[in-house]
Amino acid sequence: MHEAEISPAGEIMVNKQNIGRIEGFRLALTGENPAGLPAIKAELAPLVTAWYEQQAERFAAAANADMAVDQDEFVRWAGWLIARLIPGEDVLHPGFVLLADDETGAQAREKMAQRVRRFIAFYCETTLKPLFDLAGAEALTEKPRFIALRLVEQLGVVPRREIAAELKELDQESRAALRRFGVRFGVYHVFLPALLKPAPAQALTLLWALKNNAQARAGKSDIVAQLMAGRTSFAVEEGGDRAFYRLAGYCLLGKRAVRIDMLERCADLIRHAQTWRPGKAAAPRPDGAYDGKYFTISQAMLSILGAKPEDMEEILRQSGYKARPVSKVDYRAFLQKNETAAEKAGEINRPAAEPVGDWPAQTAAIIPRQSDENAFVPAAEPVGSKFASSDKAAGEIILLWRYQRRPYKKPHKKEQKRPLSSAPDKAGQALRDNRGGVAAAAGKRFAGQQQKAAATGKAAAAGNSAAPQQEQRAAERTGSPGSNQRRNFGKPRNFDGRKQGKPVNIEDSPFAALAALRDKMRQ
């Protein structure tokens, strides 16, 4: 019979010899154990079970501040491993598995499970509060609700080009409703700035890797470490998973990873520089402004992104900007010209200051008047590299940047997709419109033919009988009278007032009346 006991610190003593300790809800025995270890464990079982019951009571009453989730997907309590996270129904609701020995009773396990479940819900809902608020925003209407769900689905960052059509349909009230939930509409992204912090980024990376079985992929912890260090941009490492950059709040632009909120701040500086216009009433020139269309890289842009000029050039090219080189001399001349115009516009005429007191006499005493022999003094020549850099400046190049818009390519008619239900109606309408245009054109030709027929009728009334002879020859060729008169979309070529297939009443013809009038006048 062994004498066993468990100290308040969890140390296991057998015959006053330390053979191990209890860590959380697991028994950890040391290597220096007596030979009868199975028998000792059997004797320790009642003590260990009673200890776990008391430990479960303390754990159920523990505060959330005493618990944490580490990057290895473990839930810790006072440094002890209590549970391990596993994939759940979605990314924001993971599951867990308790880490407890078999000696832990059913009641103790139930208490542990309830406490772990509450802590995981607390951890996710507090760390990722903006996402949970958007997911539960039932008061949003259909269009802003769609944007909110896309943000929740992509964990807080959506490229603007992916939802450009939906953003165009949002009115100001819908945008204001989304802004109340912390949504920011940037130039390149629609995102939640509150998630671009170390704690939310660490939680998002952990939960996404857990759901997508990406715990062993490169870059899981290194990219979050860059965010914790306050890096606004850094060089992309080879082999890193691109998804981890987005989850940590970085945008990949070439070989640089730029934090999304800093990229949007740089875009605001660029917009401010491009909207400035030189002129008489122009505001003071902002840093980087040139002519209202182009801009140059300013020191503020470099400071925001924490990048060198060559890195900034790569970032701008990857963002869609195109550079136009100009010489430094032309650049300075253009700025000087506009600065001079601005100075003249803001110049205020003030009278020259008059000397007060005996200032002229004191000046004459201090500065002696030069004689005529020493009146001519040659101008001083510039000395040093600072003054001798004019030739060097002539060869230097400055890059002017401007956003290169993608040319709009009108889709071909065959590529235009239409709903099957409305295709026949639209096609019929197009055909009717086309026929209307053809009918209008034929109407114009018909009116011209009427005028021509009237002229022909006058000639026939004067004794010209060439038209009937032509009609007779045409009838002899075709075998039917008037068969060559209907052409061009069914309209008569030579209008003579007759209808095809009906007999012509000569007595009612205006030409017969004219002929009768002519005969009467001859008599």
Side-chain angles (χ1 to χ4, degrees), residues 69-74 84-95 120 123-125 127-132 134-135 146-164 166 182-184 186-264 305-306 311 314-315 318-320:
V69 177
D70 59 15
Q71 279 294 308
D72 296 329
E73 304 165 4
F74 290 107
R84 182 172 184 175
L85 299 179
I86 60 175
E89 56 183 3
D90 56 34
V91 177
L92 300 179
H93 298 87
I120 293 176
Y123 170 77
C124 295
E125 292 176 4
T127 309
L128 307 175
K129 186 177 183 300
L131 288 180
F132 281 88
L134 280 178
F146 173 81
I147 303 296
L149 293 180
R150 285 296 300 272
L151 283 170
V152 174
E153 179 185 355
Q154 299 196 22
L155 302 180
V157 177
V158 179
R160 190 182 181 103
R161 63 178 179 272
E162 294 184 4
I163 53 175
E166 290 78 8
V183 179
R184 180 181 175 186
V187 177
Y188 306 105
H189 300 86
V190 179
F191 62 102
L192 295 168
L195 298 180
L196 305 183
K197 296 180 180 180
Q202 184 176 7
L204 288 174
T205 303
L206 170 64
L207 297 178
W208 185 88
L210 187 68
K211 183 66 176 178
N212 294 273
N213 194 20
Q215 297 92 331
R217 295 184 188 178
K220 175 184 175 184
S221 58
D222 298 339
I223 299 174
V224 178
Q226 298 283 357
L227 181 63
M228 292 181 177
R231 299 289 300 275
T232 57
S233 69
F234 58 92
V236 177
E237 297 181 1
E238 296 182 0
D241 196 325
R242 298 176 66 90
F244 290 142
Y245 289 94
R246 180 181 61 84
L247 295 170
Y250 287 93
C251 176
L252 293 181
L253 296 174
K255 298 181 180 180
R256 300 287 297 182
V258 184
R259 217 168 79 185
I260 291 174
D261 55 345
M262 296 295 105
L263 181 63
E264 298 296 342
L305 298 184
D311 298 332
E314 181 180 4
I315 291 173
Q318 294 295 328
S319 300

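Note that the numbering runs from 1 along the sequence shown for the chain. Bear in mind the structure is a predicted one, so any value in this text is a computation, not a measurement.
Residues Pro159 and Gln154 approach most closely at CD-OE1, 4.0 Å, considering heavy atoms. Pairing each heavy atom of Ala203 with each of Leu128, the nearest pair is CB-CD2, 4.2 Å. The two atoms that bring Lys220 and Val224 nearest to each other are O-CG2, 3.7 Å, heavy atoms only. Heavy atoms only, all atoms of each residue included: His93 and Phe132 are closest at NE2-CE2, 3.8 Å. Residues Lys255 and Glu314 share a closest heavy-atom pair of N-OE2, 2.9 Å. Nearest approach of Pro130 to Leu192, heavy atoms of both residues: CB-CD1, 3.9 Å.
Legend: residues meeting side chain to side chain donor-acceptor pair (under 3.5 Å) with Arg231, ordered by chain and number and at least two apart, are Gln226.
The closest side-chain heavy-atom distance from Leu253 to Leu263 is below 4.5 Å. Counting heavy atoms from C-beta outward, Val183 and Leu134 have side chains that approach closer than 4.5 Å. You'll find the side chain of Glu73 reaches within 4.5 Å of the side chain of Leu206, heavy atoms only. No side-chain heavy atom of Arg150 sits under 4.5 Å from any side-chain heavy atom of Glu166. Side-chain contact check for Lys197 versus Leu227: every heavy-atom pair is 4.5 Å or farther apart. Looking at heavy atoms from C-beta onward, Arg160 lies out of side-chain contact with Tyr188 at the 4.5 angstrom threshold. The side-chain heavy atoms of Cys124 and Pro94, taken from C-beta on, include a pair separated by under 4.5 Å. Considering only heavy atoms from C-beta on, Trp208 comes within 4.5 Å of Phe244 through its side chain.
One finds the CZ atom of Arg242 at 13.5 Å from the CZ atom of Arg217 (value rounded to the nearest 0.5 Å). Atom CZ of residue Arg246 and atom CG of residue Asp241 lie 10.0 Å apart, to the nearest 0.5 angstrom. Between Leu305 atom CG and Arg256 atom CZ the span is 9.0 Å, to the nearest 0.5 Å. Remark: Leu155 CG to Leu247 CG distance equals 6.0 Å, nearest 0.5 Å.
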